[in-house]
Participant: 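Here's a structure for you.
Values below: every heavy atom of this structure, side chains too, minus hydrogens, waters and symmetry copies. One-based numbering along the sequence shown.
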Amino acid sequence: MDESVSIASVQTTFRKCIIIEALQNKAHLFHVQMSFILYNIARGVYMKIFASDFDNTLHFVDENNIGYFKEDDMKAIQKYRENGNLFGLCTGRPLYGFEGDMDDGPVLDFVVASTGGIVTKTNHNTFETIHETVMSVEQVEAIQNLCEGRGILYIHANGKVYTLFHRRAGYDSQTVLPSVSALEGKHITAISIWTASLEMAETLTNEINARFLNALEAFQNVNWLDVVHMGVSKGNGAKSAKEMMHADILGGIGDSFNDIPLLEAADVAFTFHRCDDRVKEKADYVVDSVAEALEIFKKL
């Protein structure tokens, strides 16, 4: 090898090869993985980051409406992090919208909240905001008028949940507002909308995406939908976290339609056997649990 060739130039060449190969065809996953490995051998570091959806992916609710985490998942996450890797959430919930649901949860390195509207890294159970994209009060009012009588709005602002005229049972920290104008001055990162059926959620998702083209975007999540600023998604949020944490390879797992951008953005994507075929077709691996996904991901 020519001694005049620097290590930096070799590293740059490896990175260019990785990018070109990944863009050509994600189906050639093995070759992409090998390129990552070769590149990181050259620089002596190989950092993995894994972004997990929260509800019905990592956190579940039993028949008595009691939330729980699977023991195998918690052990797998702990072992994965002990090996020097990063784990975090990529959720449609607001930053402070867990209402005690994380009390027995895993230690997190980052949180992508509000469907990508806010990206944070964690430090001793506190959040440091890295990136935030906000919506206007006028946009919230327009969504409220469109959904009136068909859905209930839960507005993510300043990391908390605000609602109009109604508070969900068991979610006492939600602030009930007398009008949309009371949101003035707050950082609005997303709107979650509850509907009575899958069909209504799909209808409102389509209507919002048609009416607010190039301004807002809606993502269906079972009988809910999440509305964010155009260009915001779980996928873009996860990629921001990857860049922020200086990681080399991104793994992602989710179970619903609003997780598709995350699966598309991930270098290695996972979903579950129980999921809709439209979600499964976006995944590289179909698994039964987060623990199984991490077992595969750690070998890549």
Participant: Ring centres under 6.0 Å, that's the criterion: do Tyr68 and His59 meet it?
Facilitator: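 Not under 6.0 Å, so no.
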
Participant: Can you check whether Ala218's main-chain N or O pairs, donor with acceptor, with Asn209's side chain at less than 3.5 Å?
Facilitator: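 Yes; at least one donor-acceptor contact below 3.5 Å.
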
Participant: Short question: side chain of Asn258, backbone of Asn221 - any donor-acceptor pair under 3.5 Å?
Facilitator: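 Side chain of Asn258 to backbone of Asn221: no pair is present.
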
Participant: Drop me the distance from Glu141's CD to Glu138's CD, to the nearest 0.5 angstrom.
Facilitator: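 Nearest 0.5 Å value for the CD-CD distance: 7.5 Å.
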
Participant: Is the side chain of Ser136 donor-acceptor paired with the backbone N or O of Gln139 at a distance under 3.5 Å, no angle test?
Facilitator: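 Such a contact is found between Ser136 side chain and Gln139 backbone.
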
Participant: Return yes if some donor-acceptor pair links the side-chain N/O of Thr163 with the main-chain N/O of Leu153 below 3.5 Å, else return no.
Facilitator: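 Flag set: sc Thr163 to bb Leu153 pair under 3.5 Å.
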
Participant: Should we say atom CG of Asp104 is surrounded by more than 12 heavy atoms from elsewhere, each under 6.0 Å from it?
Facilitator: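 Count not over threshold, so no.
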
Participant: Can you see which heavy atom on Ala51 is nearest to which on Cys90, and at what distance?
Facilitator: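 Taking every non-hydrogen atom into account, CB-CB, 4.1 Å.
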
Participant: Taking atom NZ of Lys186 as the centre, does the number of heavy atoms from other residues, nucleotides or ligands within less than 6.0 Å exceed 12?
Facilitator: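 Above 12, so yes.
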
Participant: Using a strict threshold of under 4.0 Å (side-chain N to carboxylate O), is an ion pair present between Lys234 and Asp226?
Facilitator: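 No, Asp226 and Lys234 are not salt-bridged.
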
Participant: Would you kindly confirm whether Leu177 and Leu146 end up in one hydrophobic cluster when ILVMFWY residues are joined by side chain heavy atoms under 4.5 Å apart?
Facilitator: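 Same cluster.
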
Participant: Could you tell me if the side chain of Ile118 sits less than 4.5 Å from the side chain of Thr129, heavy atoms only?
Facilitator: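 In contact.
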
Participant: Considering non-hydrogen atoms only, spot the tightest contact between Gly116 and Val232 and give its length.
Facilitator: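 Minimum heavy-atom contact is C-CG1, 3.3 Å.
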
Participant: Looking only at the aromatic ring of each residue, does the gap between the centers of Phe60 and Phe69 stay below 6.0 angstrom?
Facilitator: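 So the answer is no for these two rings.
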
Participant: Mind checking whether Leu294 and Asp73 have side chains closer than 4.5 Å, heavy atoms only?
Facilitator: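 In short, these two side chains do not touch, never coming nearer than 4.5 Å.
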
Participant: Kindly indicate, with the supporting measurements, whether the criterion side-chain contact (heavy atoms from CB on, under 4.5 Å) is fulfilled by Gln144 and Leu164.
Facilitator: CA-CA 9 Å; Gln144 168 65 16; Leu164 301 170; 3.7 Å; yes

Participant: When rounded to the nearest 0.5 angstrom, what is the spacing between CD1 in Ile188 and CD in Glu132?
Facilitator: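 Rounded to the nearest 0.5 Å, the CD1-CD separation comes out at 10.5 Å.
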
Participant: Can you tell me how far apart OG (Ser256) and CG (Asp53) are? Round to the nearest 0.5 Å.
Facilitator: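 Answer for the OG-CG pair, Ser256 versus Asp53, is 8.0 Å.
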
Participant: Does the pair Asp248/Lys48 count as a salt bridge with the N-to-O cut at 4.0 Å?
Facilitator: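 Lys48 and Asp248: not salt-bridged.
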
Participant: Report, as yes or no, whether the 6.0 Å neighbourhood of atom NZ on Lys280 holds more than 12 heavy atoms from other residues, nucleotides or ligands.
Facilitator: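 For Lys280, atom NZ is crowded (more than 12 foreign heavy atoms under 6.0 Å).
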
Participant: Side chains of Val112 and Leu262, heavy atoms from C-beta outward: is any pair under 4.5 Å?
Facilitator: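 Answer no - side chains too far apart.
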
Participant: Quick one: are Leu58 and Met74 in side-chain contact, heavy atoms under 4.5 Å?
Facilitator: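 Answer yes - side chains close enough.
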
Participant: So, do Leu263 and Pro261 sit near enough that their side-chain heavy atoms are less than 4.5 Å apart?
Facilitator: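 Answer no - side chains too far apart.
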
Participant: Taking Asp267 for its side chain and Leu250 for its backbone only, find out whether a donor-acceptor pair lies under 3.5 Å.
Facilitator: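 Here the side-chain-to-backbone pair exists.
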
Participant: Are the side chain of Asn85 and the backbone N or O of Ile49 linked by a donor-acceptor pair below 3.5 Å?
Facilitator: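 Absent.
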
Participant: Hydrophobic cluster mates of Tyr154, side-chain heavy atoms under 4.5 angstrom, ILVMFWY only, any path?
Facilitator: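 Direct or chained contacts put Tyr154 with Ile152, Val161, Trp194, Trp224.
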
Participant: State plainly whether one hydrophobic cluster holds both Leu95 and Leu89, where clusters connect Ile, Leu, Val, Met, Phe, Trp and Tyr through side-chain heavy atoms under 4.5 angstrom apart.
Facilitator: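 Leu95 and Leu89: one cluster.
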
Participant: Is Lys298 close enough and on-axis enough to Tyr80, meaning under 6.0 Å and within 45°, for cation-pi?
Facilitator: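 So Lys298 doesn't make the cation-pi contact.
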
Participant: Is Phe219 linked to Ile191 within one hydrophobic cluster, defined over Ile, Leu, Val, Met, Phe, Trp and Tyr using a side-chain heavy-atom separation of less than 4.5 Å?
Facilitator: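 Different hydrophobic clusters.
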
Participant: Keeping Thr57 on the side-chain end and Phe54 on the backbone end, is there a donor-acceptor pair under 3.5 Å?
Facilitator: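 No.
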
Participant: Which residue pairs pass the side-chain hydrogen bond (donor to acceptor under 3.5 Å, both in side chains) test when at least one of the two sits in residues 196-208, sequence neighbours left out?
Facilitator: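 Of all non-adjacent pairs touching residues 196-208, those that pass side-chain hydrogen bond (donor to acceptor under 3.5 Å, both in side chains) are Arg150-Glu207.
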
Participant: Is there any ring pair (Phe, Tyr, Trp, His ring centres under 6.0 Å) pair reaching into residues 249-271, and which pairs are they, with sequence neighbours excluded?
Facilitator: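 Qualifying pairs: Phe50-Phe270, Phe270-Tyr285.
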
Participant: Taking salt bridge (charged side-chain N to carboxylate O under 4.0 Å, His left out) as the test, write out the residues that go with Lys70, two or more places apart.
Facilitator: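 Here no residue qualifies.
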
Participant: If you round to the nearest 0.5 Å, how far is CD of Glu281 from SG of Cys275?
Facilitator: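 Output value for this atom pair is 12.5 Å.
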
Participant: Checking Ile249 against Met47 for the side-chain contact (heavy atoms from CB on, under 4.5 Å) test, could you report, in this order, the C-alpha distance in whole Å, the side-chain angles of both residues, the deciding distance, and whether it holds?
Facilitator: CA-CA 7 Å; Ile249 181 169; Met47 177 64 72; over 6 Å; no

Participant: Check whether any side-chain heavy atom of Lys121 lies under 4.5 Å from a side-chain heavy atom of Asp109, and answer yes or no.
Facilitator: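 No, every pair of side-chain atoms sits at 4.5 Å or beyond.
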
Participant: Which residue pairs pass the salt bridge (charged side-chain N to carboxylate O under 4.0 Å, His left out) test with at least one member in residues 84-95, sequence neighbours excluded?
Facilitator: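 Qualifying pairs, neighbours excluded: Asp55-Arg93, Arg93-Asp101.
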
Participant: Please identify each residue that fulfils side-chain hydrogen bond (donor to acceptor under 3.5 Å, both in side chains) with Gln78, with sequence neighbours left out.
Facilitator: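 So Gln78 forms a side-chain hydrogen bond (donor to acceptor under 3.5 Å, both in side chains) with Glu82.
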
Participant: Please determine whether residues Leu204 and Ile155 belong to a single hydrophobic cluster, defined as Ile, Leu, Val, Met, Phe, Trp and Tyr linked transitively by side-chain heavy-atom distances below 4.5 Å.
Facilitator: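 Yes: a chain of side-chain contacts under 4.5 Å links Leu204 to Ile155.
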
Participant: Search all heavy atoms of Phe87 against all heavy atoms of Ser52 and return the closest pair with its distance.
Facilitator: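 Shortest heavy-atom contact: CZ-CB, 3.7 Å.
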
Participant: Would Glu71 and Lys75 pass as an ion pair if we require N to O under 4.0 Å?
Facilitator: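 Answer for the salt bridge query: yes.
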
Participant: Go through the side-chain N and O atoms of His156 and Ser114 and say whether any donor and acceptor fall under 3.5 Å apart.
Facilitator: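 There is such a pair (donor and acceptor under 3.5 Å, judged by atom type) between the side chains of His156 and Ser114.
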
Participant: Judged by atom type as modelled, is there a donor-acceptor pair below 3.5 Å linking the side chain of Glu292 to the main-chain atoms of Asp288?
Facilitator: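 Looks like yes, one N/O pair under 3.5 Å.
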
Participant: Restricting to non-hydrogen atoms, name the atom on Ala157 and the atom on Leu183 that form the minimum distance, rounded to 0.1 Å.
Facilitator: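 Smallest interatomic distance, heavy atoms only, reads CB-CD2, 4.5 Å.
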
Participant: Just by distance, with hydrogens left out, do His187 and Thr189 show a side-chain donor and acceptor under 3.5 Å apart?
Facilitator: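 Looking only at side-chain atoms, Thr189 and His187 do not form any donor-acceptor pair under 3.5 Å.
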
Participant: Would you check if Thr122 and Phe110 make a side-chain contact, meaning some heavy-atom pair closer than 4.5 Å?
Facilitator: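 Counting from C-beta outward, Thr122 and Phe110 never come under 4.5 Å.
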
Participant: Would you say the side chains of Asn223 and Thr195 form a donor-acceptor pair under 3.5 Å?
Facilitator: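 Thr195 and Asn223 do not have a side-chain donor-acceptor pair below 3.5 Å.
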
Participant: Do Ile253 and Val287 come close enough that some side-chain heavy atom pair is under 4.5 Å?
Facilitator: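 Result yes, sub-4.5 Å side-chain heavy-atom pair found.
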
Participant: Checking the side chain of Asp276 only, and the main-chain atoms of Arg278 only, is there a donor and an acceptor separated by less than 3.5 Å?
Facilitator: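 Indeed, once roles are kept as given, a pair shorter than 3.5 Å links the two residues.
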
Participant: Main chain of Asn64, side chain of Asp62: is a donor-acceptor contact present, judged purely on distance under 3.5 Å?
Facilitator: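 Yes, because the side chain of Asp62 sits within donor-acceptor range (under 3.5 Å) of the backbone of Asn64.
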
Participant: Where do Val228 and Ala190 come nearest, in terms of heavy atoms and distance?
Facilitator: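 Residues Val228 and Ala190, closest heavy atoms: CG1-CB, 3.7 Å.
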
Participant: Locate the shortest heavy-atom distance separating Ala113 from Pro94; write the atom from each residue and the value.
Facilitator: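 Nearest pair, atom of Ala113 first, then Pro94: CB-C, 3.9 Å.
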
Participant: Report whether Val227 and Val140 are members of the same hydrophobic cluster (ILVMFWY, side-chain heavy atoms less than 4.5 Å apart, transitive linking).
Facilitator: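 Val227 and Val140: one cluster.
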
